[in-house]
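Contents: one structure, followed by commentary.
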Amino acid sequence: MRKDDCIFCKIANGEIPSKTLYEDDTFRVILDLGPAAKGHALLIPKEHAANLYELPDETAGKVLVLAKKMAVQMTDALKCDGFNLVQNNGEVAGQTVHHFHLHLIPRYADDGQAINWVPGNPTQDELEAVRKQIVE
Ligand code: 5GP
Ligand code: ZN
């Protein structure tokens with residue numbers, strides 16, 4: 001499926017030009033226009049899925065394999081010191097473009113970025129309640 005009003009459908013399918021790092025029948029990997037660090041890229045499936053929940057299993061299975069291949073290539077080429085994979089679902093989680101994408105973010109010792117959260121401090125009972133809520 002392709003959505004006429006979706007910018008990542010148009011980019012992934014080549015209707016809008018992008019700085020492409022990789023392309024195959026299923027995916028395009030492009031440089032992000034607002035990079036968190038040098039080389040920040042987006043792995044985008046060509047078929048429209050708004051988010052992880054909508055992503056077909058077959059595509060989902062291929063995402064991490066390609067992410068690893070790109071991370072190895074980018075780390076070798078850019079000589080970065082580390083690497084973040086980030087994937088946002090829903091506005092509350094920071095998603096601004098509602099076509100599934102995985103951020104590939106090379107990290108450098110001096111990049112000044114903080115891709116992080118404030119850790120909580122739950123009790124064992126609280127953890128157990130959450131575990132039950134998820135699995136039961
Ligand atoms: P999200 O916040 O949805 O996880 O990430 C959206 C990302 O897409 C942002 O990092 C933003 O910089 C990037 N982005 C938005 N529009 C475009 C575009 O037209 N071209 C490219 N290359 N990146 C875009
Ligand atoms: Zn789309």
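Throughout, numbering of the chain's residues begins at 1 and tracks the sequence. For clarity, every value in this text was computed on a predicted model and none was experimentally measured. Atoms within a ligand are numbered from 1 in the order they appear, just like the ligands themselves.
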Side chain of Asn51, backbone of Glu54: donor and acceptor closer than 3.5 Å? yes
As a test of understanding, state which of Leu102, Leu66, Leu55, Val63 forms a side chain to side chain contact (heavy atoms under 4.5 Å, CB included) with Pro45. Leu55
dist Ile16:CD1 -> Lys10:NZ (nearest 0.5 Å) comes out at 5.5 Å
Could you check whether any side-chain N or O of Tyr22 sits under 3.5 Å from a backbone N or O of Leu43, counting only pairs where one atom can act as donor and the other as acceptor? no
Name of whichever N/O/S atom of His48 is nearest to the Zn ion (ligand 2): ND1
I'd like the atom pairs linking ligand 1 to the protein - N or O on both sides, separation under 3.5 Å - with distances to 0.1 Å.
{"unit_1": "ligand 1", "atom_1": "2 (O)", "unit_2": "Gly94", "atom_2": "O", "d": "2.8"}
{"unit_1": "ligand 1", "atom_1": "2 (O)", "unit_2": "Thr96", "atom_2": "N", "d": "3.4"}
{"unit_1": "ligand 1", "atom_1": "2 (O)", "unit_2": "Thr96", "atom_2": "OG1", "d": "3.0"}
{"unit_1": "ligand 1", "atom_1": "3 (O)", "unit_2": "Thr96", "atom_2": "N", "d": "2.7"}
{"unit_1": "ligand 1", "atom_1": "3 (O)", "unit_2": "Thr96", "atom_2": "OG1", "d": "3.1"}
{"unit_1": "ligand 1", "atom_1": "3 (O)", "unit_2": "Val97", "atom_2": "N", "d": "3.0"}
{"unit_1": "ligand 1", "atom_1": "3 (O)", "unit_2": "His101", "atom_2": "NE2", "d": "3.0"}
{"unit_1": "ligand 1", "atom_1": "4 (O)", "unit_2": "Asn88", "atom_2": "ND2", "d": "2.9"}
{"unit_1": "ligand 1", "atom_1": "4 (O)", "unit_2": "His101", "atom_2": "NE2", "d": "2.9"}
{"unit_1": "ligand 1", "atom_1": "4 (O)", "unit_2": "His103", "atom_2": "NE2", "d": "2.8"}
{"unit_1": "ligand 1", "atom_1": "5 (O)", "unit_2": "His101", "atom_2": "NE2", "d": "3.0"}
{"unit_1": "ligand 1", "atom_1": "5 (O)", "unit_2": "His103", "atom_2": "NE2", "d": "3.2"}
{"unit_1": "ligand 1", "atom_1": "10 (O)", "unit_2": "Asp32", "atom_2": "OD1", "d": "3.2"}
{"unit_1": "ligand 1", "atom_1": "10 (O)", "unit_2": "Asp32", "atom_2": "OD2", "d": "2.5"}
{"unit_1": "ligand 1", "atom_1": "12 (O)", "unit_2": "Asp32", "atom_2": "OD1", "d": "2.5"}
{"unit_1": "ligand 1", "atom_1": "22 (N)", "unit_2": "Leu31", "atom_2": "O", "d": "2.9"}
{"unit_1": "ligand 1", "atom_1": "23 (N)", "unit_2": "Leu33", "atom_2": "N", "d": "3.4"}

Is the gap between the ring centers of His99 and His101 under 6.0 Å? no
Between Thr59 and Phe100, is any pair of side-chain heavy atoms under 4.5 Å apart? no
Is the backbone N or O of Gly14 less than 3.5 Å from a side-chain atom of Lys46, with the two atoms forming a donor-acceptor pair by type? no
To the nearest 10 degrees, calculate the angle at the Zn ion (ligand 2) involving ND1 of His99 and SG of Cys6. 100°
